[in-house]
Each structure stands twice: as structure tokens, then as C-alpha cells.
Amino acid sequence: SFDPGTLGFPSSLVSQIAGLGFPVISGNTVLAGDNLSEGIGALQNYTNNTADAILSSTHGRHSAKVGFDFRRLVANQYAGNQSANFSFNGVFTQSTPTTHVAGTGADLADLLLGYPAAGSVLRQVGLNDYTHYYAFYGQDDWRVNGRLTLNLGLRWERENGPRESQNRLITDFNETAVNPLAANVTGIQPHGILEFAGQYNAPLYAGDPDLNKLAPRLGAAYQIDSKTVLRAGFGVLWAPNTSPNAPLAPPSFAA
């Protein structure tokens, strides 16, 4: 949260920096290999909102339960949340302005005078990705007799795929549409364009998720004697997608 404005940079520049931090200062002579800052890096914040409901019932040798599981998985993130970058090479303090003379000029001297050779600001907008996850399940623990107990269950899951709150994910590629660059090309007519969520006929969700995931649960416990119980189990588990990534739409495609 360092404010580059305290170093004398104008507010017009500071307002364009996605990640406020001490600028990355690099050079190729005195400062070679020793940046004065490493920037901020990526920013990721995950939130998991859940709602569950379970109903249990015991009747005779059967102990049954059914339930519902809902999750809203949110990932707020910057792919590269960096501060401003400035590089110095000693050109402005060498003995001649156009020809390198050994022993003259230093990146640190240029830095002290405030003359960078190059500078850049990585401008990015954070994505607010999310996905909804649903599951229904049921299980019966059946005590067949005094020695054998069976666990019989089935879980059904559905996940719609990652979506962005402002529909800024690429969700489709149209192979037949004429590419916008066709107007600048002669001899051929290029086809194929990226489609963003909700644009044209593109879906709101990215990817091609399996909307019907079946996850059986099977188990058995058998008491061999008073000191030994043999257990066995089998299950299928599905992992939700919690960190979707996709490029932002350019301004001309903004919703």
C-alpha cells in the first residue's frame, strides 16, 4: 500500500497503477542484478459461501439420511498486480550522448539525476470469478445382521463452470465468423474470433463442465470375532473448480 506519490510522481501516473507499491528500479551497471524493489506480484482472495441441509431417519436396521449442499466459490484476483517499473542504463551520464565510452556513465548516476532509460506501468483490472456448485445425496447404513453392516449411498453433483461478475471471461471461439482483421488483409479472408461471455451466442460460463456428476459410495463392515472387524469401501469424488482464469475483454467488447 506504499503511495508512489510520496516520491514525487504525479497523481496522473499514480492513478494508473493497479498495485500501489514502491516502484521497481533496475539497472545494467552498478545495479545489475540488484533491483531496488520486487513489485507486489499477484493478488488472490478466495471466498467459499455454503448452505447445507440434512435429514436423518432411523427405522429398524436402517439408518438413512438425505441432504443438499450448495457452494458459491469466489476468486477475486489480479493476474499480475505490479507497481511501476523504471530501468536505468547510464546513457545520460556517459561522456558522450551517442557513443559508449568505457568507464563513463552509470545507472545509479542516472537514477540520482532522475533520468530513466525506460519505464512502464502494468495496467490490469481485477477479475471477480465465481462458480456455483450443487449436490444432492442419500445414504443408507443397513445393519443386515449382527455381524454385517452395509453402507449404500449416491451423490449427484452439478457445477456450471467459472463465470465472471461482469462477463469478462472468454467462453467461446467462433471458427466461422469473419475476423475483424480481414479488412486489412488481401488475398485471403481470415475467420475465427474470440467471444466473451454473453456476447453473440457465447455462453455465460467458461469451459465444458460435466453437469451431471454421479458419485456412488459403497462400504461394508464385517465382524469376524469380538476383536476383529473387516472393513471395505469404495467411492467416487469430484473436486470443484475454485480458481478459474481467463483474459479480460478489450474495451471495445466491454458489456
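Just so it is clear, the model here is predicted, and its values are computed rather than measured. Along the sequence shown, the residues carry numbers beginning at 1.
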Find the distance between [atom1] ([X]) and [atom2] ([Y]) and round it off to the nearest 0.5 Å.
{"X": "Phe68", "Y": "Tyr134", "atom1": "CZ", "atom2": "OH", "answer": "7.5 Å"}
{"X": "Ile193", "Y": "Ile170", "atom1": "CD1", "atom2": "CD1", "answer": "11.5 Å"}
{"X": "Ser26", "Y": "Phe86", "atom1": "OG", "atom2": "CZ", "answer": "10.5 Å"}
{"X": "Tyr130", "Y": "Thr47", "atom1": "OH", "atom2": "OG1", "answer": "14.0 Å"}
{"X": "Leu230", "Y": "Asp225", "atom1": "CG", "atom2": "CG", "answer": "11.0 Å"}
{"X": "Thr228", "Y": "Tyr222", "atom1": "OG1", "atom2": "OH", "answer": "11.5 Å"}

> Within a reach of under 6.0 Å around CG of Asn201, are more than 12 heavy atoms found that belong to other residues, nucleotides or ligands?
Replying inline: no

> Near Tyr115 OH, under 6.0 Å, is it more than 12 heavy atoms from other residues, nucleotides or ligands?
Replying inline: no

Does any non-hydrogen side-chain atom of [Y] lie less than 4.5 Å from one of [X]?
{"X": "Leu211", "Y": "Asn160", "value": "yes"}
{"X": "Asp210", "Y": "Trp238", "value": "yes"}
{"X": "Pro4", "Y": "Leu13", "value": "no"}
{"X": "Asn89", "Y": "Asp110", "value": "yes"}

[X], [Y]: one ILVMFWY side-chain cluster at the under-4.5 Å cut-off?
{"X": "Val66", "Y": "Tyr133", "value": "no"}
{"X": "Tyr137", "Y": "Leu154", "value": "no"}
{"X": "Phe9", "Y": "Leu111", "value": "yes"}
{"X": "Val91", "Y": "Leu113", "value": "no"}

> Leu108 and Phe88: side-chain contact (heavy atoms from CB on, under 4.5 Å), yes or no, with the steps?
Replying inline: CA-CA 7 Å; Leu108 184 58; Phe88 300 83; over 6 Å; no

> Between Lys213 and Glu159, is the closest basic N to carboxylate O distance under 4.0 Å?
Replying inline: yes

For [X] versus [Y], what's the shortest heavy-atom pair and its separation?
{"X": "Val229", "Y": "Ala221", "result": "CG1-CB, 4.4 Å"}
{"X": "Pro209", "Y": "Ala206", "result": "CD-O, 4.2 Å"}
{"X": "Ala32", "Y": "Asp107", "result": "N-OD2, 4.1 Å"}
{"X": "Thr171", "Y": "Ala202", "result": "OG1-CB, 3.6 Å"}
{"X": "Asn151", "Y": "Ala220", "result": "OD1-N, 3.9 Å"}
{"X": "Tyr205", "Y": "Gly161", "result": "CD2-O, 3.1 Å"}

Identify every side-chain donor-acceptor pair in residues 53-61 under 3.5 Å, counting partners at least two apart or on other chains, and give the distances.
residue: Arg61; atom: NH1; partner: Arg143; partner atom: O; Å: 3.3
residue: Arg61; atom: NH1; partner: Val144; partner atom: O; Å: 3.4

Can a donor-acceptor pair be found, under 3.5 Å and without considering hydrogens, that links the side chain of [X] to the backbone of [Y]?
{"X": "Glu164", "Y": "Asn128", "answer": "yes"}
{"X": "Asn48", "Y": "Arg71", "answer": "no"}
{"X": "Arg147", "Y": "Gln223", "answer": "yes"}
{"X": "Asn45", "Y": "Asn76", "answer": "no"}

>> When you compare the side chains of Thr6 and Asp3, does any donor N or O come within less than 3.5 Å of an acceptor on the partner?
In response: no

>> Does either side chain, that of Asp140 or that of His62, offer a donor lying less than 3.5 Å from an acceptor on the other one?
In response: yes

>> Leu214 vs Val236, test: side-chain contact (heavy atoms from CB on, under 4.5 Å). Steps then yes/no.
In response: CA-CA 8 Å; Leu214 295 179; Val236 175; over 6 Å; no

>> Using side-chain contact (heavy atoms from CB on, under 4.5 Å), reason through Leu169 and Phe196 one step at a time and then give a plain yes or no.
In response: CA-CA 6 Å; Leu169 294 183; Phe196 297 89; over 6 Å; no

Please tabulate, one pair per line, all N/O donor-acceptor pairs under 3.5 Å involving side-chain atoms of residues 178-192, not counting sequence neighbours.
residue: Asn179; atom: OD1; partner: Leu181; partner atom: N; Å: 2.9
residue: Asn179; atom: ND2; partner: Gly192; partner atom: O; Å: 2.7
residue: His191; atom: ND1; partner: Gln189; partner atom: O; Å: 2.8

